[in-house]
Trainee: 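Got a structure for you, written out below as structure tokens; questions coming shortly.
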Amino acid sequence: MAGRLKLPAGLPLHVLREYAVLADGERGALVGPRGEIAWLCAPQWHDDPVFGSLIGGHGTYAVTPLDERYVWGGYYEPGSLVWRGRWTADDRVMECRQALAFPGDKDHLVLLHRIEALHGDAHFAAILSLAAGFGADPMTDVHRSGDVWTARAGQHLARWTGAGDAHYVTSENRLELAIELREGETHDLVLEIGRDRLPDRPPAPDPTWSATLSSWSDAVPSFEQTIAPTDAKQSYAVLRGLTSATGGMVAAATMSLPEHGGRSRNYDYRYAWIRDQCYAGQAVAACGAHPLLGSAVTFVSGALLEHGNDLRPAYTVDGGLVPDERQLDLPGYPGGKDVVGNWVNQQFQLDTLGESLLLLAAAERHGMLDLDGWRAVETCIDVMRGRWKKPDAGIWELDDRRWAHSRLICAAGLRAIAAVAPTAQAAEWAGFADTIVADATSDCLHPTGRWQQSPQDERVDASLLLAAVRGAVPAEDPRSVATLEAVRSELADEGYLYRFRHDERPLAEAEGVFLLCGFHMALAAHQQGHRAEALRWFERGRAACTTPGLFTEEFDVRQRQLRGNLPQAFVHAGMLEASARLADGPGTHLHT
């Protein structure tokens, strides 16, 4: 095709349900329905993006059909984050297989594209323009040698293989390539990005694809014992894709995707939250002694042993401190604003100690807790002894109070670890749990007999379902039954669950439904023996996903839109655990 490609400088944004995610453990990319990479940070999760159009930044990489009329679709290859985008134009069908080479190297990313004309001929355009530092460092030093282009953007070096026929458009600082394929033909593009250096030779497409597919096959087990084997397997793949070689799992691949309109509640989730890591580990433990359980134990134990009483709620995946929150001068995703860093770095969250004990107990039940793990247990309990009476920011990261959930989850963790402890300390730890539950009962038991948020706030909170689910108190305890009934009657809407009532407004005006809470409700109903109800909650929750099957944090019931960062790890963990637990008989004690 001669002349300039008739493509805009940037491709339009889409609602979140239309994005797929590629991930290799060290970073993630969002792929739009036109084949564009709308978001990719390099070299690691918490670094600045080189493609940031999702939040109004610069940088473009797209492999997109040139047809004026087509419809989009696609699917993940089972048990992987290998995405096959598919486009149908009249009587022609085209695909583009996309993946980050897996497992990833933290200093060097490899992004694979394999274009194929399935039925009829295919006409594609590929455009590339890097912009590091949220767009502050545009692409420079653009050169071609044979079939390979190289360029620089700030500290990043890039190499684009398979694009020898591309031409450089100086006015727009981008490379453009036209690709024509006859039916049955394929074309490979390989983009590498590294900080300051690249390997001597570019990777060959065939062996890189083979290694990636083999690695995904080895990394993701079967989940035939669950009630939703395909979705459970895919959720495990998402969790694996979000987990670094260090064991740290980011909460999501993105930042600043608004949870609610009005340019508020925009957060940077490209960090590893201790609580989320524990949720994921416990979900995996419900399915078996799979590697992600060991990854969670490694990261959480390491954080406890290194930081002790100074434990933060979140870290970078390599164990660094989360940077302070600041706002960028970018347009943001529509309805939001761009925020980098997270104020969680200044908080203490007591429930992370209880969740850590629940995780470590789950690992011990699978024979996966070593000497360092037991040292982490002792450190965790020592910190808990000194902190449990003090206010904390709580699970929802609000103001410091003596939250009921925080204390009850500590009690649950103590009971779980006491049940598997081989030492005389087990009885002492169980007694400590009794003390904490009695304390919460003294100031957080509502006159109706249910748990309430805090001594100062009588509202019911969906997080309080976990007191019974995790074993702080028995499922049959009147406090557990009353809490379940109150959550069901006050926080449910259309088969979904809100966290708590913010004010007198209708629930849907304050925020979206919290998808994790819906899966916790499924666990709670199942524990009480209400199997049909539990299945309704489960099925409603797992349907609230993107077209590729990914979850965000929240779901807008009125508009049926997803809200928040993508993909939200703890929702995938909740789906995975519920899929496993609901396969057991009703009334099963979920903390065992």
Side-chain angles (χ1 to χ4, degrees), residues 10 13 16 26-30 38-59 106 130-138 153-156 193 195 242 244 248-276 303 307 310-349 352 392-400 511 552-554 563-569:
L13 293 176
L16 295 183
E26 307 301 336
R27 77 284 293 170
L30 259 67
W39 180 255
L40 174 63
C41 294
Q44 288 185 278
W45 298 104
H46 51 271
D47 290 308
D48 294 348
V50 291
F51 305 125
S53 62
L54 185 73
I55 61 169
H58 299 287
K106 70 181 183 66
L130 279 78
F134 291 99
D137 298 315
Q155 293 183 325
H156 297 83
I193 301 174
R195 182 173 286 169
L242 297 176
S244 169
M249 180 195 73
V250 293
T254 60
M255 52 172 275
S256 301
L257 298 183
E259 297 173 8
H260 197 268
R263 302 183 71 80
S264 64
R265 291 178 53 202
N266 300 259
Y267 304 106
D268 186 353
Y269 279 3
R270 300 170 300 151
Y271 310 106
W273 264 255
I274 298 294
R275 179 190 302 107
D276 294 22
H307 300 284
D310 293 324
L311 184 72
R312 305 295 175 89
Y315 298 90
T316 62
V317 292
D318 53 11
L321 297 178
V322 173
D324 291 337
E325 186 175 284
R326 61 186 174 89
Q327 190 168 339
L328 300 172
D329 187 21
L330 291 174
Y333 185 84
K337 61 184 178 182
D338 288 335
V339 174
V340 64
N342 199 293
W343 68 336
V344 74
N345 62 3
Q346 304 297 322
Q347 295 182 355
F348 172 69
Q349 296 173 10
T352 60
D392 77 288
I395 184 174
W396 308 132
E397 301 176 355
L398 304 173
D399 54 313
D400 284 356
E511 67 174 359
T552 56
E553 189 171 30
E554 298 184 14
R563 307 292 186 204
N565 286 297
L566 179 75
Q568 190 73 38

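Residue numbers run from 1 in the order of the sequence given. These numbers come from the heavy atoms of this one structure, side chains and all, not from hydrogens, waters or symmetry mates. Source: prediction; values computed, not measured.
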Trainee: Going from CG on N342 to CZ on R270, what distance comes out if it is rounded to the nearest 0.5 angstrom?
Mentor: 10.5 Å

Trainee: Y267: what forms a ring pair (Phe, Tyr, Trp, His ring centres under 6.0 Å) with it, not counting sequence neighbours?
Mentor: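 Listed in chain order: nothing, the list is empty.
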
Trainee: More than 12 foreign heavy atoms under 6.0 Å from CG of D399: is that the case here?
Mentor: yes

Trainee: Can you check whether A42's main-chain N or O pairs, donor with acceptor, with H156's side chain at less than 3.5 Å?
Mentor: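 Yes, H156 side chain to A42 backbone: donor-acceptor pair under 3.5 Å.
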
Trainee: Applying side chain to side chain contact (heavy atoms under 4.5 Å, CB included) to D318 and H46, what does each step give before you reach the verdict?
Mentor: CA-CA 10 Å; D318 53 11; H46 51 271; 3.9 Å; yes

Trainee: For residues T552 and Q568, is any side-chain donor paired with an opposing acceptor at under 3.5 Å?
Mentor: no

Trainee: Taking all non-hydrogen atoms of both residues, which atom of L13 and which atom of S53 are closest, and how far apart?
Mentor: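 So the two residues come closest at CD2-O, 3.5 Å.
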
Trainee: N266 versus Q327: any side-chain heavy-atom pair under 4.5 Å?
Mentor: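 No - every pair of side-chain heavy atoms lies 4.5 Å or more apart.
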
Trainee: Has N345 got a side-chain atom pairing as donor or acceptor with V322's backbone, closer than 3.5 angstrom?
Mentor: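 Checked: pair present.
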
Trainee: Looking only at heavy atoms, what is the nearest atom pair of V250 and A569, with distance?
Mentor: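 Closest pair (atom of V250, atom of A569, distance): O-CB, 3.6 Å.
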
Trainee: Quick one, Y333 with L16, criterion side chain to side chain contact (heavy atoms under 4.5 Å, CB included). Give me CA distance, side-chain angles, the key distance, then yes/no.
Mentor: CA-CA 10 Å; Y333 185 84; L16 295 183; 3.7 Å; yes

Trainee: Looking at R195 and D47, does any basic side-chain N land under 4.0 Å from a carboxylate oxygen?
Mentor: yes

Trainee: How many angstroms lie between atom CG of D338 and atom CG of L330, to the nearest 0.5 angstrom?
Mentor: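 Interatomic distance, D338 CG to L330 CG, rounded to 0.5 Å: 5.0 Å.
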
Trainee: Under the 3.5 angstrom rule, does the side chain of R27 hit a backbone N or O of P43 as a donor-acceptor pair?
Mentor: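 Yes: the side chain of R27 pairs with the backbone of P43.
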
Trainee: Take a 6.0 Å sphere around CH2 of W396 and say whether it holds more than 12 heavy atoms from other residues, nucleotides or ligands.
Mentor: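 Yes, CH2 of W396 has more than 12 neighbouring heavy atoms, counting only those of other groups under 6.0 Å.
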
Trainee: If you define the side chain from C-beta out and look only at heavy atoms, does anything of Y271 sit under 4.5 Å from P323?
Mentor: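 A side-chain contact exists here, since the closest heavy-atom pair is under 4.5 Å.
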
Trainee: Would you compute the distance between atom CZ of R312 and atom CG of D310 and round it to the nearest 0.5 angstrom?
Mentor: 6.5 Å

Trainee: Take the angle between the ring planes of H307 and Y315 and call it parallel below 30°, perpendicular above 60°, tilted in between.
Mentor: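 Judged by the thresholds at 30° and 60°, the geometry between H307 and Y315 is parallel.
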
Trainee: Check the pair E259, E553 against side chain to side chain contact (heavy atoms under 4.5 Å, CB included), reporting the backbone distance first and the verdict last.
Mentor: CA-CA 8 Å; E259 297 173 8; E553 189 171 30; 2.6 Å; yes

Trainee: Quick one: does D400's side chain get under 4.5 Å of Q347's, heavy atoms only?
Mentor: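 In short, these two side chains do not touch, never coming nearer than 4.5 Å.
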
Trainee: I need the W45 CH2 to L242 CG distance, nearest 0.5 Å.
Mentor: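 If we round to the nearest 0.5 Å, W45:CH2 and L242:CG are 5.0 Å apart.
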
Trainee: Report the distance from atom OG of S256 to atom CG of L328, rounding to the nearest 0.5 Å.
Mentor: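 The OG atom of S256 sits 7.0 Å away from the CG atom of L328.
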
Trainee: In terms of side-chain heavy atoms, does N565 have a donor or acceptor partner in T254 at a distance below 3.5 Å?
Mentor: yes

Trainee: Determine whether V340 and F134 make a side-chain contact, defined as any pair of heavy atoms from C-beta on separated by less than 4.5 Å.
Mentor: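 In contact.
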
Trainee: For Q349 and A393, work out which heavy atoms get closest and say how close.
Mentor: CG-CB, 4.2 Å

Trainee: Write down the atom of A132, the atom of A153, and the distance for their closest heavy-atom approach.
Mentor: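 For A132 versus A153, the nearest heavy atoms are CB-O, 3.5 Å.
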
Trainee: Using the rule given for side chain to side chain contact (heavy atoms under 4.5 Å, CB included), can you reason through D137 versus D48, listing the C-alpha separation, both sets of side-chain angles and the distance that settles it, and then say yes or no?
Mentor: CA-CA 11 Å; D137 298 315; D48 294 348; over 6 Å; no

Trainee: Heavy atoms only: give me the nearest G335-P258 pair and the separation to one decimal.
Mentor: O-CB, 3.7 Å

Trainee: Would you mind reporting whether W39 and I55 have side-chain heavy atoms less than 4.5 Å apart?
Mentor: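 Side-chain contact under 4.5 Å: yes.
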
Trainee: CE/M255 to CG/L566 distance, rounded to the nearest 0.5 angstrom?
Mentor: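 It is 14.5 Å, given to the nearest 0.5 Å.
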
